Amino acid sequence: MFTKNNQLIISGFFLAVLTGLGIGYLLFHSDQKTEMQDSAEHVHAGESVWTCSMHPQIRSNEPGECPICGMDLIQLSSSISSDPLVLEMTPEAVKLANIQTTIIGSAAKSDKTLILSGKIQADERLAASQVAHIPGRIEKLYVTFKGETVRKGQKLATIYSPELVTAKQELLQAIELKETNPGLLEAARKKLEYWKIPIEQINEIEESGTIQENFDLRADVSGIVKNRRVSVGDHLKQGEVLFDMVNLNRLWVLFDAYEEDLADIKIGNLVEFSTPALAGEIFTTRISFIDPVINPQTRVASVRGEIINRNGLLKPEMFVRGILKSSVSKDAQLLVPKSAVLWTGKRSVVYIKVPGNAPAYRYQEVVLGDRVGNNYLVESGLNSGDEIVTYGSFTIDAAAQLNNQQSMMNQWVNVEEETSETRPDYKASTSEVFQQQLGEFVQTYIDFKDALVETSVGKSVPAAEKMAAQLKQIDMSLLQGEAHIYWMKQLRILEAHTEKTLASQDIKEQRKQFLFLSTGLINAVSAFGITGERTLYVQHCPMAMNDKGADWLSYTENILNPYFGEEMLTCGIVKEELNSAKNEKPVN
């Protein structure tokens with residue numbers, strides 16, 4: 001059954017999703033595709049851009065009214081990035097989502113707080129057994145119940161021992177013969193001393209010359225009776241246990257530490273702890289021992305501290321709750337609030353506000369370290385001074401997903417399947433400068449493809465870096481109208497997956513990104529063409545990506561498979577030719 005808290009959590013989740021959908025609708029409503037394309041045709045690079053606050057897909061180089069809703073257009077800040085990882089929003093959408101941000105900074109020293117549970121235990125080193133040093137029969141017990149306090153030297157029991165009576169008689173006889181056989185007297189005395197008979201009692205026997213049949217057994221140590229093992233009338237053997245004793249003046253505090261916390265716990269760490277039995281009392285101890293073995297059932301290790309039990313306030317088996325503050329860094333560390341982080345599997349995502357007048361937020365994957373209170377240590381992905389979203393991240397992510405941008409749930413930018421029949425043809429209106437720049441990018445792509453064929457990370461990473469640098473050299477302002485819109489769509493794909501490629505040292509992950517890169521580049525080359533007369537072959541492997549199939553571009557007709565390398569080097573077919581010589585602009 002759902003509890004009230006479960007229902008509130010689920011309701012909050014759906015509310016955030018619906019809010020994201022609503023904002024996505026406000027931001028990226030695609031039913032007005034014609035108006036968006038018509039307005040984009042009038043936007044030229046380097047000029048002021050005007051947009052609608054409710055329909056930001058509308059772009060114009062001059063003020064006017066929105067063709068969708070009739071509202072006055074507002075001037076768009078030129079500081080907003082065209083990065084495909086950046087989501088642009090209107091102030092109205094930000095206000096609707098109640099987005100809140102925080103500027104993060106470094107902490108001079110970070111302490112990780114661990115909450116430990118455990119209980120009080122007796123110090124095993126102070127446990128002792130009270131034994132009978134002589135054989136005999138118990139005539140009387142002076143300590144009769146478990147938990148009774150015993151002091152060292154206290155009378156515990158009276159014992160009748162025939163062996164002791166005989167030993168005392170031997171002592172009196174040895175006294176009579178001490179002139180002729182002094183060694184016999186010494187042996188008789190030693191026998192009684194070994195039985196723990198006090199020297200005073202031995203001297204009393206020698207002086208009085210009388211023998212007592214009963215012997216008083218006294219405590220060897222102070223402590224609490226943990227267990228009584230005998231009763232009146234029991235016959236004891238020498239060394240038999242009468243009582244189990246434990247001293248509670250010093251106690252152990254045993255905490256349970258989970259595996260993932262053990263790295264932050266060191267010998268000497270200070271722990272403050274309390275117990276429900278003593279409300280308001282705070283005790284302190286230091287870690288003196290860490291169990292080297294993990295309990296296979298509970299998956300915890302015992303961590304031990306010691307404490308002097310003043311006034312006997314603490315008692316074994318009391319439950320305790322401890323707080324351990326472990327220093328996790330000596331240097332300045334960057335902290336990010338817990339509320340700013342979106343989680344999906346092993347990936348952690350935050351949104352960074354892009355500087356500028358108009359609100360825009362950039363998707364950023366981060367690597368997080370230990371949790372410190374309500375924050376996480378940042379290992380990579382953020383810098384001090386970044387302004388991150390601490391409330392409303394999920395709403396932004398939902399809107400980004402609707403816009404086919406990289407998001408928590410959409411790790412890769414979606415690539416629409418297009419064929420040679422459905423791809424647009426803008427070659428006639430595309431400048432040769434743009435075609436040359438696109439051709440130079442194709443060459444860096446081919447170098448990256450060759451590195452994948454060789455299954456060489458040592459070559460693929462530098463090739464990907466060159467590919468990313470060359471992509472930035474392509475001047476999008478050389479395209480206008482629908483061609484510009486189509487290129488921006490492919491550019492978003494190329495930029496996003498080039499960045500993902502650079503972020504990975506795993507050849508398998510690079511090949512996955514290569515699939516998306518290839519699809520976007522095939523679309524671009526088919527639509528815009530490249531300079532030169534070399535033929536580009538679209539090649540296809542039906543077994544790539546778990547038999548889903550994948551394409552790539554090559555300047556050679558023979559198959560060299562980048563998705564498998566030497567495993568299946570020649571697996572594939574030539575699917576299509578993109579021949580720049582056949583696609584030259586008509587001569588006027």
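Small disclaimer: the values here were computed from a predicted structure and weren't measured.
- In terms of heavy atoms, L342 sits closest to Y351 at CD1-CE1, 4.1 Å.
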Test log, rule side chain to side chain donor-acceptor pair (under 3.5 Å), inputs S117 and D256: CA-CA 6 Å; S117 60; D256 293 332; 4.8 Å; no
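- Side chain of E240 to main chain of K237: a donor-acceptor pair is present (N/O by atom type, distance under 3.5 Å, no hydrogens or angles).
- The main-chain N or O of A451 is never found under 3.5 Å from a side-chain atom of S456 such that the two would form a donor-acceptor pair.
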Sequence neighbours left out, cut at 3.5 Å: what donor-acceptor pairs do the side chains of residues 144-155 make with other protein atoms?
unit_1	atom_1	unit_2	atom_2	d
E148	OE1	T144	N	3.3
Q154	OE1	R151	N	3.1

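- The two residues K119 and V320 make their nearest non-hydrogen contact at N-CG2, 3.7 Å.
- By the 4.5 Å heavy-atom criterion applied to side chains, F273 and I307 are counted as neighbours.
- Listed by first and then second residue, the salt bridge (charged side-chain N to carboxylate O under 4.0 Å, His left out) pairs involving residues 291-315 are R125-E306, R250-E306, E259-R299 (not counting sequence neighbours).
- Enclosure of atom CZ in F289 by more than 12 non-hydrogen atoms of other residues, nucleotides or ligands within 6.0 angstrom is indicated.
- With hydrogens and angles disregarded, a donor-acceptor distance shorter than 3.5 Å links the side chain of N295 to the backbone of Q297.
- With a 6.0 Å radius and a threshold of 12 heavy atoms from other residues, nucleotides or ligands, Y160 has its OH atom above the threshold.
- Side chain of Q121 to main chain of V253: no donor-acceptor pair is present (N/O by atom type, distance under 3.5 Å, no hydrogens or angles).
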From CA spacing to verdict: side chain to side chain contact (heavy atoms under 4.5 Å, CB included), L382, L334: CA-CA 8 Å; L382 294 173; L334 196 62; 3.9 Å; yes
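- In terms of modelled atom types and a separation under 3.5 Å, the side chain of N309 and the main chain of L314 share a donor-acceptor contact.
- Judged by distance alone, with hydrogens and angles left aside, the side-chain atoms of K266 form a donor-acceptor pair with the main-chain N or O of A263 at under 3.5 Å.
- No donor-acceptor distance shorter than 3.5 angstrom exists from the side chain of T102 to the backbone of I104, with no hydrogens or angles considered.
- Between Q130 and L156, some side-chain heavy-atom pair lies under the 4.5 Å cut-off.
- Atom CD of E317 is surrounded by more than 12 heavy atoms from other residues, nucleotides or ligands within 6.0 Å.
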